[in-house]
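Every value quoted in this text rests on a predicted model; they were computed, and no experiment measured them. Numbering starts at 1 and runs along the sequence shown. When reading the values below, keep in mind they use all heavy atoms of this one structure, side chains included, and skip hydrogens, waters and symmetry mates.
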Amino acid sequence: MTTKNGKPRGSDKRKPVALALQGGGMHGAFTWGVLDRLLEDGRLAIEGVSATSAGAMNAVVLAYGLLQGGEAGARLALHDFWYAVAQSAERHNPLRWTPWLKGTHSFGLDYSPMYTFADMALRIFSPYQFNRRNLSPLRDVLEKQVDFAALRSQCPFHLYLCATNVETGKIRIFTGEDVCAEAVLASACVPTLFQAITIDGQNYWDGGYMGNPAIFPLIYHCNTRDVVIVHINPLIRPGVPITAADILNRISEISFNSSLMRELRTIAFVTDLIQQGKVDRNEMKEMLIHSIKSDEAMCALSVSSKYNADWDFLCGLRDKGRREAETWLTENYRNIGERSSIDIRKEFL
């Protein structure tokens, strides 16, 4: 007998890992590229995924694609999802008949007045003013691309979607029977862009404020010690921002990285205790942390490009993600199961 990916059952020697997928609007296409290359490589077995915002979208599409057709099915599902996002954005773009306003969409360049104007407008008007009917084209895309009932009944890995409770400020982890389109939308609910998502009487905003993404569910519920973090928000941005837009952007980046950095500091602390023999290895798990990112590429993008769903732009991000994943596999695959491939103290402390 064979598995869905065509490999004989019982002969799978892939290395198990858990994935932590950050959010970042349309920059999440970078994560699409990373996942595409990891799936193509085929040497990793995904045991769990914790994800936020655009990462949550990638996560549910990845899960459903794996369920339907193994690695090949997941790669196709991710492609189709992002293509549907681009098509939906084109249909709902009020400036689609004025291409001179749409600017340059090649990767690394985004000079579109349209996205700059949108970014400025969102700082003045709330979604309760400009979207009174609370329309969400993304909901339609998700429901067409993912069968959430099938996913709830037989998800191929542990799945955790992070959202922030608006009133309590606490993190909410959607998993198991709670995974649905509304949970994904809650995880991706940027409060300046969308009205809060209400689930079971509770209101939610983007999970990035409290977990971008949360690592603790992977520690508690996955057997693997290896967590591969796919970063979207730059950790390091050289220089001091001086324009209002750049200042707000850097505030957002720092805020959306803060919860992840706190968790990684805790992991570093526990790791030190274990390695110094102060804590029994049988009592606590020594986590192995890995990172796939491109701060340089992300720093080159304007904040307004997070709203840019142009297909060429998304494909450019995908290709960059694939290249970063290829480099990571070449340099760090051997570390999986053996050691962290980043210096947590140097990167996050």
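- In plain terms, the two heavy atoms of Ala77 and Gly65 that are nearest each other are CB-CA, 3.8 Å.
- Panel note: side chain Ser53, backbone Gly24; no donor-acceptor pair is recorded below 3.5 Å.
- For the pair Arg265 and Phe269, the NZ or CZ position fails the cation-pi test of under 6.0 Å to the six-membered ring centre and within 45 degrees of the ring normal.
- When the side chains of ILVMFWY residues are joined at heavy-atom separations under 4.5 Å, either directly or via intervening members, Leu142 and Leu151 end up in a single hydrophobic cluster.
- Within 6.0 Å of atom OH in Tyr83, 12 or fewer heavy atoms from other residues, nucleotides or ligands are found, so the atom counts as exposed in its surroundings.
- Within 6.0 Å of CD in Gln275 there are more than 12 heavy atoms belonging to other residues, nucleotides or ligands.
- Counting only heavy atoms from C-beta outward, the side chains of Trp328 and Val228 approach each other to under 4.5 Å.
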**OP:** Mind running side chain to side chain contact (heavy atoms under 4.5 Å, CB included) on Leu185 and Glu182 for me, showing each step along the way?
**Re:** CA-CA 5 Å; Leu185 293 172; Glu182 291 301 300; 3.7 Å; yes
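- Note: the hydrophobic cluster containing Leu264 also contains Met261 (ILVMFWY, side chain heavy atoms under 4.5 Å, direct or indirect links).
- Between the CE atom in Met287 and the OG atom in Ser340 there is a gap of 9.0 Å [rounded to 0.5 Å].
- At least one donor-acceptor pair under 3.5 Å links the side chain of Asn233 to the backbone N or O of Gly23.
- Side-chain polar atoms of Gln68 and Asp147 form no donor-acceptor pair below 3.5 angstrom.
- The shortest heavy-atom contact between Ile344 and Ala268 is CG2-CB, 3.8 Å.
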Original post:
Given Val230 and Leu19, is the side chain to side chain contact (heavy atoms under 4.5 Å, CB included) satisfied, shown in steps?
Top reply: CA-CA 7 Å; Val230 182; Leu19 302 179; 5.5 Å; no
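- With no hydrogens or angles considered, no side-chain donor-acceptor pair links His158 and Thr175 at under 3.5 Å.
- Separating the CZ atom in Phe30 from the CG atom in Leu35 is a distance of 10.5 Å, to the nearest 0.5 Å.
- Between Asn203 and the choices Thr164, Thr198, Thr168, the side-chain hydrogen bond (donor to acceptor under 3.5 Å, both in side chains) rule is met once, by Thr198.
- Not one N or O on the side chain of Glu324 forms a donor-acceptor pair closer than 3.5 Å with the backbone of Ile292.
- Taking CZ from Phe194 and CG from Leu138, the interatomic distance works out to 6.0 Å, rounded to the nearest 0.5 Å.
- The minimum heavy-atom distance between Asn249 and Arg237, with the atom names listed, is ND2-NH2, 3.6 Å.
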**OP:** Start with the C-alpha gap between Ile46 and Arg14, add the side-chain angles, then the distance that decides, and say whether side chain to side chain contact (heavy atoms under 4.5 Å, CB included) holds.
**Re:** CA-CA 9 Å; Ile46 300 171; Arg14 296 176 299 169; over 6 Å; no
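- Residues Asp246 and Thr243 bring a donor and an acceptor atom of their side chains to less than 3.5 Å of each other.
- Hydrophobic clustering (ILVMFWY, side-chain heavy atoms < 4.5 Å, transitive): Leu260 and Ile254 are in distinct clusters.
- Connection of Leu288 to Val49 is not established within any shared hydrophobic cluster, with ILVMFWY side chains joined at heavy-atom distances below 4.5 Å, either directly or through further cluster members.
- In this structure a side-chain-to-backbone donor-acceptor pair under 3.5 Å is present from Gln22 to Asn212.
- No side-chain donor from either of Tyr333 and Arg43 sits under 3.5 Å from a side-chain acceptor of the other.
- Hydrophobic clustering (side-chain heavy atoms under 4.5 Å, transitive across Ile, Leu, Val, Met, Phe, Trp, Tyr) groups Met210 together with Tyr220.
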**OP:** Given salt bridge (charged side-chain N to carboxylate O under 4.0 Å, His left out), test Arg250 with Glu253 step by step and report yes or no.
**Re:** CA-CA 5 Å; Arg250 189 55 183 157; Glu253 289 173 347; 2.8 Å; yes
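- Using a distance-only test at 3.5 Å, with no hydrogens or angles considered, no donor-acceptor pair links the side chain of Ser187 to the main chain of Val184.
- Here the shortest heavy-atom pairing between Asn332 and Ser341 reads OD1-CB, 3.3 Å.
- A salt bridge links Glu40 with Arg37: the closest approach of a Lys/Arg side-chain nitrogen to an acidic carboxylate oxygen falls below 4.0 angstrom.
- The aromatic rings of Trp32 and Trp82 lie parallel to each other, their planes meeting at an angle below 30°, with 60° marking the opposite boundary.
- Put simply, the side chain of Ile229 reaches to within 4.5 Å of the side chain of Ile289, judged on heavy atoms.
- Side-chain N or O atoms of Asn58 include one that pairs as donor or acceptor with a backbone N or O of Gly28 at under 3.5 Å.
- Looking only at distances, no side-chain donor or acceptor of Arg139 sits under 3.5 Å from a matching main-chain atom of Ala181.
- Between Arg75 and Glu71 no salt bridge is recorded (no basic side-chain N to carboxylate O distance below 4.0 Å).
- Between Asn165 and Arg172 the shortest side-chain heavy-atom distance does not fall below 4.5 Å.
- With Ser153 contributing its side chain and Ala150 its backbone, the two residues share a donor-acceptor pair below 3.5 Å.
- Under a 3.5 Å cut-off, the side chain of Arg225 and the backbone N or O of Glu286 do form a donor-acceptor pair.
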Original post:
Could you walk me through whether Leu193 and Tyr307 pass the side chain to side chain contact (heavy atoms under 4.5 Å, CB included) check?
Top reply: CA-CA 10 Å; Leu193 191 59; Tyr307 309 123; 4.3 Å; yes
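- The only option from Leu329, Thr224, Asp226 that meets the side-chain contact (heavy atoms from CB on, under 4.5 Å) definition with Ile336 turns out to be Asp226.
- The minimum heavy-atom distance linking Ala59 with Phe157 is given by the pair O-CZ, 3.8 Å.
- If you take NE2 on His79 and SG on Cys315, they are separated by 6.5 Å, rounding to the nearest 0.5 Å.
- Remark: Asn257 CG to Leu235 CG distance equals 5.0 Å, nearest 0.5 Å.
- With hydrogens and angles disregarded, no donor-acceptor distance shorter than 3.5 Å links the side chain of Ser50 to the backbone of Leu218.
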**OP:** Check the pair Phe174, Tyr204 against ring-ring contact (aromatic ring centres under 6.0 Å, His included), reporting the backbone distance first and the verdict last.
**Re:** CA-CA 12 Å; Phe174 293 93; Tyr204 296 98; 5.5 Å; yes
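- Looking at every heavy atom in both residues, Met26 comes nearest to Ser305 through CB-O, 4.1 Å.
- Ring geometry for Trp205 against Tyr209 counts as tilted: the plane angle lies between 30° and 60°, on a 0 to 90° scale.
- Under the 4.5 Å side-chain criterion, counting only non-hydrogen atoms from C-beta, Ser291 is not in contact with Glu347.
- Atom CD1 of residue Ile274 and atom CZ of residue Arg281 lie 6.5 Å apart, to the nearest 0.5 angstrom.
- Between Leu301 and Leu317, the closest side-chain pair of non-hydrogen atoms falls below 4.5 Å.
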